[in-house]
Asks: 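Sending over a structure as structure tokens; questions will come in a sec.
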There are 2 protein chains.
Amino acid sequence: MIFDDFLRHRRKEQILPEDRAALEASVGEVRSVPARMTLVRKDERVHFSTYLIEGLICRYMDDREGLRQLVAVHVPGDFVDLHAYPLKHLDHDVATLTACKIATVPHRNLDIVMRERPELAKFLWFSTLLDAAMHREWIFRLGRLNAMARVGHFFCEIEAKLRAVGLSDGASFELAMTQNDLGEACGITPVHMNRMLRMLKEQGLLQMRAGQVQLLDRPALARLSEFDPSYLFIDE
Amino acid sequence: MIFDDFLRHRRKEQILPEDRAALEASVGEVRSVPARMTLVRKDERVHFSTYLIEGLICRYMDDREGLRQLVAVHVPGDFVDLHAYPLKHLDHDVATLTACKIATVPHRNLDIVMRERPELAKFLWFSTLLDAAMHREWIFRLGRLNAMARVGHFFCEIEAKLRAVGLSDGASFELAMTQNDLGEACGITPVHMNRMLRMLKEQGLLQMRAGQVQLLDRPALARLSEFDPSYLFIDE
DNA sequence: CGAACGCTTGAGTGGAGTCAAGTAGAGTGG
DNA sequence: CCACTCTACTTGACTCCACTCAAGCGTTCG
């Protein structure tokens, strides 16, 4: 089923089977998208939302000179731009980082959910609030942590998210992001990102090679970067 | 009416009169709270949400050494921690900056709204997504702007929000925040905040004295800080 | 093979932080 | 009415983390 990973391990109360069926029924189409492709552009009026089945998607804002700030990185199981449903248009761009498999959900189908399935509606709302909680953590990261801690914090977060949907074993996982991408997420230059990765490796905390990440000492990394996963609302 | 400023000037479609009445009816109590008082603490289970009628409220996260990062500043008309309704507990603290008048709304009353008033539910959802949009803009601000632009951007944002509810005439407004508070919002030290305010004054952009802010040249300030208010979804 | 892209490293610079020493003003109490 | 206190604000000197500029390396792919 398409939404098997939606809110997986995210909360004790489960989505009711009939609500889950309604969600599956709301899908418009499923398709594959190549890497580095823009899905939604800022200010563009949108009539459907995108659910990520496979791959990595990011959301970002560019400054005047085109320097990019990522505001979110999405993994399978994320309803990437569900917030476009109440908002109608977005304040940022959405693009794939890797080749992706996505499902698109027309907003008119979500209208039906809102009217007929208040419980499911609350889960959808909840999922957009998880994104907001991550936004807040990113604000904290950028506002209060130094470069090394920012990088460590980012890796801790993405690992926890991937683990919740079975894409990390707690120590190593695939992450097809360049050092430039990582810099855009952490608010540091690619050159400095490179230096931070070297230092993290030298300290035996984390290693990244060819899109493969190994957390060599996750507890130490979490300590260094003041990472506390409670904001992710993951069970267990 | 209590919710007169709720989503004021925020969208063309208005909340239906009967939905508005239902919202008014959902209020538990209205009360006054002194300045610098914690309203909700991180991880605390909450059963009601807070709507701000008068005053300033902030949300924040502290790092290990107690250094604070604000993640939001709320003005009258904001449903401060509505997100606590689906989330059940918060990942951050909520506190007053000034003396405030607030309305508390029990979550059991919101359950009724969800079941019986899907249109209103969507407005409530929308309002939490506005906060998320502001979070994103704060990420951009911290990740991509230098200290002076961050400060300018913050003032542009708060002015636009205050103007939407009639608390700014576009040039001057009251803002009872200390330079320390402002630094915690912009991710810079209070000492540097002081220097930035001096520079902004020297450049004829903005003046702040005794909690009174004057935007001397709003267009120039917006240009300097790459401020584009579209993310606030304000009409007109 | 050459081009393109991503990664790596060094040298020098500068913006923001830190530390320290003040001043200004509001509120309090003798 | 004037010490006294407390908080917020102000300014200078020095430091350092991260940026910039620059050059070079390694892979992949056409």
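Source: prediction; values computed, not measured. Each chain gets a letter, A, B and so on, in the order its sequence line appears, and its residues count up from 1.
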Asks: Taking CE from B/Met196 and P from D/dT11, how many angstroms apart are they, rounded to a whole number?
Replies: 13 Å
Asks: Closer than 4.0 Å, any side-chain N/O of B/Thr189 to the OP1 or OP2 of C/dG17?
Replies: yes
Asks: By the 4.0 Å heavy-atom rule, please label A/Gly211 as base, sugar-phosphate, or nothing.
Replies: nothing
Asks: Of all the choices, D/dG12, D/dC9, C/dT9, which nucleotide is nearest to the side chain of B/Val191 once you look at every atom?
Replies: D/dG12
Asks: Going by atom types alone, do A/His135 and B/Arg136 pair a side-chain donor with an acceptor below 3.5 Å?
Replies: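 Short answer, yes.
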Asks: Atom CG of A/Leu182 and atom C1' of C/dG6: how far apart are they, to the nearest Å?
Replies: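 For the pair A/Leu182 CG and C/dG6 C1', the rounded distance is 12 Å.
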Asks: At under 4.0 Å, does any side-chain N or O of A/Gln179 touch on OP1 or OP2 of C/dC5?
Replies: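 Checking A/Gln179 against C/dC5: no side-chain N or O falls below 4.0 Å of OP1 or OP2.
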Asks: Should the side chain of A/Arg195 and the base of D/dT20 be counted as holding a donor-acceptor pair, with the cut-off at 3.5 Å?
Replies: yes
Asks: Tell me the interatomic distance from B/Gln207, atom CD, to D/dC9, atom P, rounded to whole angstroms.
Replies: 15 Å
Asks: Given atom CE of B/Met199 and atom C1' of D/dT11, what is their separation to the nearest angstrom?
Replies: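 Rounded to whole Å, this separation is 14 Å.
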Asks: Between the side chains of B/Thr178 and B/Asp181, does any donor sit under 3.5 Å from an acceptor?
Replies: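 There is such a pair (donor and acceptor under 3.5 Å, judged by atom type) between the side chains of B/Thr178 and B/Asp181.
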Asks: Atom CG of A/Leu200 and atom P of C/dT8: how far apart are they, to the nearest Å?
Replies: 13 Å
Asks: Can you tell me how far C1' of D/dC19 sits from CG of A/Leu67, to the nearest Å?
Replies: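 My rounded result for the distance is 12 Å.
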Asks: Rounded to whole Å, please give me the gap between CZ in B/Arg209 and C1' in D/dA8.
Replies: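 One finds 15 Å between C1' of D/dA8 and CZ of B/Arg209, rounded.
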Asks: In whole Å, I'd like the distance from the NE2 atom of B/His192 to the P atom of C/dG17.
Replies: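 Rounded to the whole Å, the gap is 6 Å.
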Asks: Using 4.0 Å as the upper bound for N to carboxylate O, is an ion pair formed by A/Arg68 and A/Asp62?
Replies: yes
Asks: Could you tell me if B/His153 and B/Arg141 have a donor-acceptor pair between their side chains, going purely by distance under 3.5 Å?
Replies: yes
Asks: For this output row, return yes or no: ring centroids of B/His83 and B/His92 closer than 6.0 angstrom.
Replies: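 Yes; B/His92 has its ring centre under 6.0 Å from that of B/His83.
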Asks: How is A/Gly183 classified with respect to the nucleic acid when contacts are heavy atoms under 4.0 Å: base, sugar-phosphate, or nothing?
Replies: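 Nothing: the residue A/Gly183, judged by heavy atoms under 4.0 Å, touches no strand.
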Asks: B/Asn146 side chain N/O closer than 4.0 Å to the phosphate oxygens (OP1, OP2) of C/dG15?
Replies: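 Looking at the OP1 and OP2 atoms of C/dG15, neither is under 4.0 Å from any side-chain N or O of B/Asn146.
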